[in-house]
Amino acid sequence: MQIAAPCVVTLTWVLQDAQGQPIDELKEPLEFFFGGDDLLAKVEETLDGQESGFEATLHLEPEHAFGDYDADKVCFEDRALFPDDLREGMQFEGLPPGARTPDMPGDVIYTVTEIYPSHVVLDGNHPLAGMALRLQLHVHDVRDASDEEIAQRSVGSADLLSVLDASAPSGRLH
């Protein structure tokens with residue numbers, strides 16, 4: 001079966017930075033919805049029309065991956081707003097109640113990048129923002145999407161961003 005929207009593709013990959021340093025490896029095949037919200041546009045462009053067994057190496061500039069780094073997505077919040085066991089690398093969905101920078105987006109995952117006695121530095125950029133990436137893909141299977149998957153525009157269990165976020169050393173706190 002050829003890859004064409006809407007369908008489900010089963011992939012593995014190796015993700016590296018532009019210098020070839022490993023970032024992530026998806027060793028166990030995982031399903032992604034093709035033609036929806038699960039994959040980056042450049043990945044879909046490469047996979048379109050291909051079949052099971054297809055392999056490719058993509059070079060992704062920041063604008064085709066996780067965007068440019070935006071210094072305006074960094075803020076400082078009072079240390080008292082966070083749990084005692086706070087560690088660098090922890091992630092929070094949105095800013096904590098009582099945040100002093102209400103103009104920051106609320107639907108962003110913020111990563112704790114530095115902790116000081118009086119304040120905490122939060123970064124709302126994706127951890128891979130601003131990075132050129134090399135992605136080696138392997139297509140293991142292609143199948144028709146179910147009506148539910150088509151309605152959701154996702155297989156529901158995985159999308160590229162959540163898989164990469166889950167592979168980070170720290171998990172998200174919600």
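This structure is a prediction, so every number in the text was calculated from the model and none was measured. Because only heavy atoms are used, hydrogens play no part in the values below, and waters and symmetry mates are left out as well, while side chains stay in.
- At a threshold of 4.5 Å between side-chain heavy atoms, the hydrophobic network of Ile, Leu, Val, Met, Phe, Trp and Tyr places V14 and I23 in two separate groups.
- Taking OG from S146 and CD from Q152, the interatomic distance works out to 7.5 Å, rounded to the nearest 0.5 Å.
- Between the side chains of D38 and S154, at least one donor N or O sits under 3.5 Å from an acceptor N or O.
- Within a 6.0 Å radius of CD in E28, no more than 12 heavy atoms belonging to other residues, nucleotides or ligands are found.
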Kindly determine whether L86 and V120 satisfy side-chain contact (heavy atoms from CB on, under 4.5 Å), including the steps that lead there. CA-CA 9 Å; L86 187 69; V120 173; 3.6 Å; yes
Show your working on side-chain contact (heavy atoms from CB on, under 4.5 Å) between L39 and V9 and close with a plain yes or no. CA-CA 10 Å; L39 298 168; V9 295; 4.1 Å; yes
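- At a threshold of 4.5 Å between side-chain heavy atoms, the hydrophobic network of Ile, Leu, Val, Met, Phe, Trp and Tyr places V121 and I109 in two separate groups.
- The shortest side-chain heavy-atom distance between I150 and F33 falls under the 4.5 Å cut-off.
- From Q16, atom CD reaches atom CD of E25 across 9.5 Å, with rounding to the nearest 0.5 Å.
- Here the shortest heavy-atom pairing between V108 and G124 reads CG1-O, 3.1 Å.
- For H140 and T12, the side-chain atoms include at least one donor-acceptor pair closer than 3.5 Å.
- In this structure, L47 and F34 have side chains that are in contact, with non-hydrogen atoms separated by less than 4.5 Å.
- Here the CD atom belonging to Q50 is positioned 11.0 Å from the CG atom belonging to L137, to the nearest 0.5 angstrom.
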Without placing hydrogens or testing angles, list every side-chain donor-acceptor pair under 3.5 Å for residues 66-81, not counting sequence neighbours.
unit_1 : atom_1 : unit_2 : atom_2 : d
Y69    : OH     : D123   : OD2    : 2.8
D70    : OD1    : D72    : N      : 2.9
E77    : OE1    : R100   : N      : 2.7
E77    : OE2    : R100   : N      : 3.4
E77    : OE2    : T101   : N      : 3.2
E77    : OE2    : T101   : OG1    : 2.4
D78    : OD1    : A80    : N      : 3.1
R79    : NH1    : F82    : O      : 3.3
R79    : NH1    : P83    : O      : 3.1
R79    : NH2    : P83    : O      : 3.3
R79    : NH2    : D84    : O      : 3.3

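- Atom CD of residue E88 and atom CD of residue E114 lie 6.5 Å apart, to the nearest 0.5 angstrom.
- A donor-acceptor pair is defined here as one N or O able to donate and one able to accept, closer than 3.5 Å; no such pair exists between the side chain of N125 and the backbone of A129.
- The two residues G20 and R134 make their nearest non-hydrogen contact at CA-NH1, 3.9 Å.
- Side-chain contact between E44 and I3 is absent, with no heavy-atom pair separated by less than 4.5 Å.
- The closest donor-acceptor contact from the side chain of T113 to the backbone of L122 lies at 3.5 Å or more, if one exists at all.
- For the residue pair A65 and L133, the shortest heavy atom distance occurs at CB-CD1, 3.9 Å.
- Across every non-hydrogen atom of S52 and V142, the tightest pair is N-CG2, 4.0 Å.
- The distance from the CH2 atom of W13 to the CG atom of L26 is 5.0 Å, given to the nearest 0.5 Å.
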Are E63 and K42 close enough, and set up right, to give a salt bridge (Lys or Arg N to Asp or Glu O under 4.0 Å), and what steps lead you there? CA-CA 10 Å; E63 63 268 19; K42 282 288 185 185; over 6 Å; no
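- E61 and H59 share a donor-acceptor pair across their side chains, judged by distance under 3.5 Å alone.
- L11 is listed as a side-chain neighbour of V139, based on a closest heavy-atom distance under 4.5 Å.
- Of all the heavy atoms in Y110 and P105, the pair that sits closest is OH-O, 2.6 Å.
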Show the numbers, then the answer: is there a side-chain contact (heavy atoms from CB on, under 4.5 Å) between F54 and T46? CA-CA 10 Å; F54 175 74; T46 301; 4.0 Å; yes
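- Counted within 6.0 Å of CG on D103, heavy atoms from surrounding residues, nucleotides or ligands total more than 12; the atom is thus considered enclosed.
- Here the CG-CE distance, from L15 to M131, works out to 8.0 Å after rounding to the nearest 0.5 Å.
- Contact record, V43 with L58: CA-CD2, 4.0 Å, taken as the closest heavy-atom pair.
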